[in-house]
Amino acid sequence: MTNEAEMQSNFIYQMILKDVEAGKHGGRVHTRFPPEPNGYLHIGHAKAALLNYNLARQFDGKFNLRFDDTNPIAEEEEYVESIIEDLRWLGVDWEDRLFFTSDYFETKFAFAKRLIEAGQAYVCDLSPDEIREYRGTLTEPGTPSPFRDRSVDENLALFERMQKGEFPDGARVLRAKIDMTSGNLNLRDPVLYRILHAEHHRTGDAWCIYPMYDFDHPFTDALEGITHSLCSIEYSDHRPLYDWVVENAVKLMPDVVKARSEQTEFARLNMSHMVLSKRKLRRLVEEGHVSGWDDPRMPTISGLRRRGVTPDAIADFQDRVGVARADSLVDLRMFLFSIRNDLEATALRKMVVLEPLKVVITNWPEGEVEWVELENIPRDESAGMRTAPFSGEVYIEREDFMEDPPKKFHRLSPGDEIRLKGAYAIHCHDVIKDDEGNVVELHCTYDPKTRSGNDTSGRKIRGVAHWVSAPHAVEVDVRLYDTLFVEQDPETVGEDLRDVLNPESLMTLTRVPAEPSISALTPGSRVQFMRKGYFFLDPEEDHGDGLIFNRIVPLKDTWAKIKKKQSQ
RNA sequence: UGGGGUGUGGCCAAGCGGUAAGGCAACGGCCUUUGGAGCCGUCAUCCCAGGUUCGAAUCCUGGCGCCCCAGCCA
């Protein structure tokens, strides 16, 4: 589905192409994906990871996975593992280049000292509150720290004492000496190192000072030889600082720097009916609105995986969405299209009746069973055929019968007929109701002349329904998932998630009849329940005595649309 | 005149001075033993106002809208 022309039209591809042609970075392309191990990856991260990975591949370059673990307070090993698992599942390949930014703490410390020696950095004793005050505001310039003009020797000594653990958290920081009057707040002497007496998931207690992102990231890019450092738009303001760090690294650490890395920003992914901020996703989990980070309704990679979405569908979706700098809110239906498009060609068809209505075929020979043939995937002969038992008692969907049908209802109603897929046409004669008037059973007759593939009736039968033979039915449980949010842009609708949560995001159906061949499915299979949707046999669930299917996405429902129009 | 970014159809998104790609959605039709899939068709003058030019979505000027930035988070 990846169209060359489409890929090449994105502005980053074109920029890199230009760079390569100009021989920049010696013609090399080296990208990276730098997640912070403080949460689970979601569909938005997949965009960034795939973009970086694909660009490297397209230019025959390299791709690194690098964990941005400069903040020991937030980061945990658990997240490292889940992120690696998710990226592998997505098909992203970093070969042997798995790095942690903490791998280079020693080199970074040395670089910081060079900066001090070059008069480019100083130790500042201001408290966090004071630093904020001195920084000024968006419209007023900042004022220089009283510690800004300390001597190199004093700075060096203090910085080393910081590193030795002589000061408590927050007592001092190392700051870059740039410009307290800049309109760009990031250049008002940004903090480079802070004191944090915290256990780091990789380095333990080896360090009590940790570099800040703005210092660490550009330097690490340069160390790893990253040529094109892609990040999201909110870092645009940081680019001058990124360049400052890289330039200084080139100047002061020429022996270890492998590239004059450059940052390019692109817009992050937003999708309708979804919330993608780490904070809100966390709240969904913590407030119990979902069963966990991998709840099939979550936009996390692990959630999508459990839902049954394939990596191919995600990649196809990213290709279709493209990459640009403008803010956007992608319609969920675009994602649903990629999911259906992917499954349409590969999912075996099964018949499962989600809301059963019993049909007794009154003229069917007592006790007789006929095994009918059905295509596994229409128009794909290589997928082969299967058989399903047909008998005198079958289930059909309740919604495939209406006592008093509206126009265009090409299904079953009293006095009318419908074809049972792959079997016979049945004609409805009697409607059996309970005391409250609910339809509980239909009495129909079948027409032997309408046998599928061999219809000699001469009649044109409009409607086709799926069905399951009652005595042969295998009972399965089904989870029907819908969007977590009813709002198209829940991200902007305030804080109380309950106001926008979809109360019907999960509907569980228990022990619904399915055709017997469904038992042969292996966990992790994706199938189409004919006329209903694509479903995933959840391998994570304990099946116990029965199968549990997650609905990945429903099929398009043209009848629902017609019905809606009729009611308007 | 704090700094940065961005504005092309309902939603994404090409376009790079030569007369608006493509996808999703929608709508109409064909086809169909999944009202699925498939096929055919319909659907924009490019935030606004000036200007430059034979010619502007593309260049210039001036507006307007929206997003981001005042963590010792990333």
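So you know, we letter chains A, B, ... as the sequences are listed, proteins then strands, and number each from 1. Because only heavy atoms are used, hydrogens play no part in the values below, and waters and symmetry mates are left out as well, while side chains stay in.
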Checklist entry - Knowing that exactly one of A:Phe33, A:Phe100, A:Phe99 qualifies, which makes a ring-ring contact (aromatic ring centres under 6.0 Å, His included) with A:Phe67? => result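 Result for ring-ring contact (aromatic ring centres under 6.0 Å, His included) with A:Phe67: A:Phe100.
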Checklist entry - When the distance from CD1 of A:Ile131 to P of B:A70 is rounded to whole Å, what number comes out? => result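 Result: 15 Å.
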May I ask you to verify whether the side chain of [X] and the base of [N] hold a donor-acceptor pair under 3.5 Å?
X        : N     : value
A:Arg419 : B:U33 : yes
A:Arg325 : B:U6  : no
A:Asp237 : B:G3  : yes

Next on the checklist: By the rule that syn is within 90° of 0, classify the base conformation of B:G41 as syn or anti.
Outcome noted: anti
Using atom [atom1] of each nucleotide, how far apart are [N] and [M] to the nearest Å?
N     : M     : atom1 : result
B:G2  : B:A13 : P     : 30 Å
B:G7  : B:C12 : P     : 12 Å
B:G17 : B:A57 : P     : 13 Å

With the side chain of [X] defined as its heavy atoms from C-beta on, choose the nearest nucleotide among [options].
X        : options             : result
A:Glu344 : B:A74, B:A70, B:A37 : B:A37
A:Thr558 : B:G35, B:C11, B:U34 : B:G35
A:Arg320 : B:C24, B:A37, B:G35 : B:C24

Next on the checklist: The test is side chain to side chain contact (heavy atoms under 4.5 Å, CB included); show your working for A:Arg349 and A:Glu375 and say whether it passes.
Outcome noted: CA-CA 8 Å; A:Arg349 272 54 168 179; A:Glu375 298 166 301; over 6 Å; no
Select base, sugar-phosphate, or nothing to describe what [X] touches, counting heavy atoms under 4.0 Å on all strands.
X        : result
A:His466 : nothing
A:Leu336 : nothing
A:Val191 : sugar-phosphate
A:Gly463 : nothing
A:Pro378 : base
A:Ile209 : nothing
A:Ala74  : nothing
A:Lys563 : nothing
A:Phe409 : base
A:Ser328 : sugar-phosphate
A:His238 : base

Presence of [X] side-chain N/O under 4.0 Å of [N] phosphate oxygens OP1/OP2:
X        : N     : value
A:Lys556 : B:U34 : no
A:Arg239 : B:G3  : no
A:Lys561 : B:A26 : yes
A:Ser182 : B:G2  : no

Parallel, tilted or perpendicular: which fits the ring planes of [X] and [Y], with parallel below 30° and perpendicular above 60°?
X        : Y        : result
A:His238 : A:Tyr235 : perpendicular
A:Phe535 : A:Phe529 : parallel
A:Tyr210 : A:Phe105 : perpendicular

Checklist entry - Between A:His217 and A:Asp221, is a side chain to side chain contact (heavy atoms under 4.5 Å, CB included) present by the stated rule, with each step listed? => result CA-CA 6 Å; A:His217 201 86; A:Asp221 282 343; 3.4 Å; yes
Checklist entry - In terms of the nearest nucleotide of RNA chain B, which residue is placed more toward the 5' end: A:Pro35 or A:Lys421? => result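 Here A:Lys421 is the residue nearer the 5' end.
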Checklist entry - Between A:Leu185 and A:Tyr235, which has a closest nucleotide on RNA chain B that is more 5'? => result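 That would be A:Leu185.
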Next on the checklist: Centroid distance below 5.5 Å plus an interplanar angle below 30 degrees: do A:Trp559 and B:G35 meet both conditions?
Outcome noted: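 Yes, aromatic ring over the base.
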Next on the checklist: Check for me: is A:His217 stacked on B:A74 by the 5.5 Å centroid and 30° plane-angle rule?
Outcome noted: no
Item to check | A:Arg551 and A:Asp482: CA distance, side-chain angles, deciding distance, salt bridge (charged side-chain N to carboxylate O under 4.0 Å, His left out) verdict | outcome: CA-CA 9 Å; A:Arg551 182 170 69 190; A:Asp482 196 355; 5.6 Å; no
Checklist entry - Which base, if any, makes a Watson-Crick or G-U wobble pair with B:G41, both distances under 3.5 Å? => result B:C27
